[in-house]
Amino acid sequence: HYPLRRQRQMCIRDSVEGYGSTPSERFGWSTSGELNAALGDSFRPCELRTWSEDSNRDGRPEALHFKLSVPLASATGGGAPLSVHSITFLVGLSAQYDDGAHSPLSIEGVVYAQASSPLAGSRLLQHGDLMLHASAPLESYTDPPRPACPETFSFLDTPVREDGLAQTAHDVLTRYATCNDTLRYVPQPELWTPGVGDVFEAELTMMVPSNNIFYRPSVAELLKLAWVQYLALFFPCYWLLNGLLHAIIHYGVVTTRAHHPIKGKSI
């Protein structure tokens, strides 16, 4: 198998799930209007900013940035503000890996960041790398592209469960675990800032390094890349057998007789 660096394009969708001091103080928000409607009283409108960095301007992002603001004040204006003790941030990504010469790979993936603390928080800061995990090498360019999941997966394809409740992060990640090729967020330790204010802010940065993607070469590619190995095997064998033949003749291991190469054998 041979490593291959591929292009990547991404489309972003988001969902937030958090908890206060008790499990009943659950709140959520999503870019899906259907999911927000199913949240009912748990819905809390949030403000999200996303942007990407493409420093070399090759059309492939080197970093993805997310900044989330969760209002903590009561919607009715009365009572104590909500205190955030746990938050889960899910990001749905559509990624395309293709260099135009090998079998492409399209992924509808989801990555998540999660943090919790016994102390109420006012800010969350986290950095990490976005990596591709493939269960097996990709097929050669002569074969059709394989699906990343046995069944079609989309982050927000079923925002409402069969019981009428909004889907949770557990529901999404359970379905995503059945996929063969996945996107994974490898985070550094998060920074949780304690405090209670009017707004809880979360800043998430995903670096997008180049991935080595392995593929299964075709017969033509295998022969093209293996000819050096054949030569490396041929010359040592040739030298060894030639030396063995010389030793057999020189030391008379077998009976030999010299004759003229043109006149032929004498009778």
Side-chain angles (χ1 to χ4, degrees), residues 10-54 61-75 79-95 109-131 155-156 159 166-173 176 182-209:
M10 299 189 177
C11 179
I12 302 170
R13 295 172 297 277
D14 303 276
S15 179
V16 177
E17 180 179 308
Y19 292 89
S21 57
T22 62
S24 60
E25 294 181 339
R26 176 177 179 266
F27 66 90
W29 173 83
S30 171
T31 54
S32 169
E34 188 176 356
L35 177 59
N36 292 337
L39 287 170
D41 295 337
S42 299
F43 171 71
R44 185 170 289 264
C46 301
E47 180 181 348
L48 177 67
R49 291 179 55 207
T50 64
W51 67 96
S52 61
E53 289 185 11
D54 185 9
E62 281 73 49
L64 302 175
H65 299 275
F66 305 87
K67 187 172 183 179
L68 176 71
S69 298
V70 182
L72 301 181
S74 174
L82 174 68
S83 58
V84 178
H85 290 261
S86 175
I87 189 167
T88 303
F89 189 21
L90 283 79
V91 180
L93 300 174
S94 298
V110 57
V111 297
Y112 72 98
Q114 195 275 340
S116 60
S117 173
L119 299 176
S122 62
R123 181 183 292 270
L124 171 65
L125 178 64
Q126 191 171 60
H127 293 75
D129 294 332
L130 184 64
M131 307 297 295
F155 173 35
L156 297 174
Q167 71 171 0
T168 63
H170 181 272
D171 299 330
V172 176
L173 297 177
Y176 190 55
T182 58
L183 296 173
R184 297 183 179 181
Y185 178 56
V186 184
Q188 301 176 8
E190 71 275 1
L191 176 62
W192 181 274
T193 303
V196 178
D198 295 333
V199 177
F200 176 86
E201 294 185 348
E203 296 184 28
L204 183 65
T205 299
M206 296 183 184
M207 306 303 297
V208 190

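Sequential numbering from 1 along the given sequence is applied to the chain's residues.
- Nearest heavy atom pair, residue L64 against residue S52, reads CD2-CB, 3.7 Å.
- Between the CH2 atom of W29 and the CG atom of L39 there is a distance of 11.5 Å, given to the nearest 0.5 Å.
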Donor-acceptor contacts, no H, no angles, side chain residues 194-206, under 3.5 Å, sequence neighbours left out:
residue, atom, partner, partner atom, Å
E201, OE1, R123, NH1, 3.3
E201, OE1, R123, NH2, 2.9
E203, OE2, R123, NH1, 2.9
T205, OG1, H65, ND1, 3.3

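- The line from OG1 of T168 to CG of L35 is 10.0 Å long, rounded to the nearest 0.5 Å.
- Distance alone, capped at 3.5 Å, is enough to place a donor-acceptor pair between the T31 side chain and the D14 backbone.
- Closest non-hydrogen pair, P159 versus L156, comes out as CD-O, 3.4 Å.
- For the atom pair SG (C46) and CZ (F27), the distance works out to 6.5 Å, reported to the nearest 0.5 Å.
- Atoms CG and CZ, on L68 and R49 in that order, are 12.0 Å from each other to the nearest 0.5 Å.
- In plain terms, the two heavy atoms of S117 and W192 that are nearest each other are CB-NE1, 3.4 Å.
- Partners of D171 according to the salt bridge (charged side-chain N to carboxylate O under 4.0 Å, His left out) rule, which considers only residues two or more places apart in sequence or in another chain, are R161.
- Residues V208 and P61 come closest through the heavy atom pair CB-O, 3.5 Å.
- Residues forming a ring pair (Phe, Tyr, Trp, His ring centres under 6.0 Å) with Y176 (at least two apart in sequence, or on another chain): F153.
- In this structure, the separation between OH on Y112 and CZ on F89 is 14.5 Å, given to the nearest 0.5 Å.
- Taking the side chain as every heavy atom from C-beta outward, S86 and Q114 approach each other to under 4.5 Å.
- Taking each heavy atom of Y185 and A113 in turn, the nearest pair found is CE2-CB, 4.1 Å.
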For residues 124-131, please give each side-chain donor-acceptor pair under 3.5 Å, one per line with the distance, not counting sequence neighbours.
residue, atom, partner, partner atom, Å
Q126, NE2, Q188, O, 3.4
Q126, NE2, E190, OE1, 3.4

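- Pairs of residues two or more places apart, or lying in two chains, that qualify as salt bridge (Lys or Arg N to Asp or Glu O under 4.0 Å) and include a residue from residues 15-36 are E17-R26.
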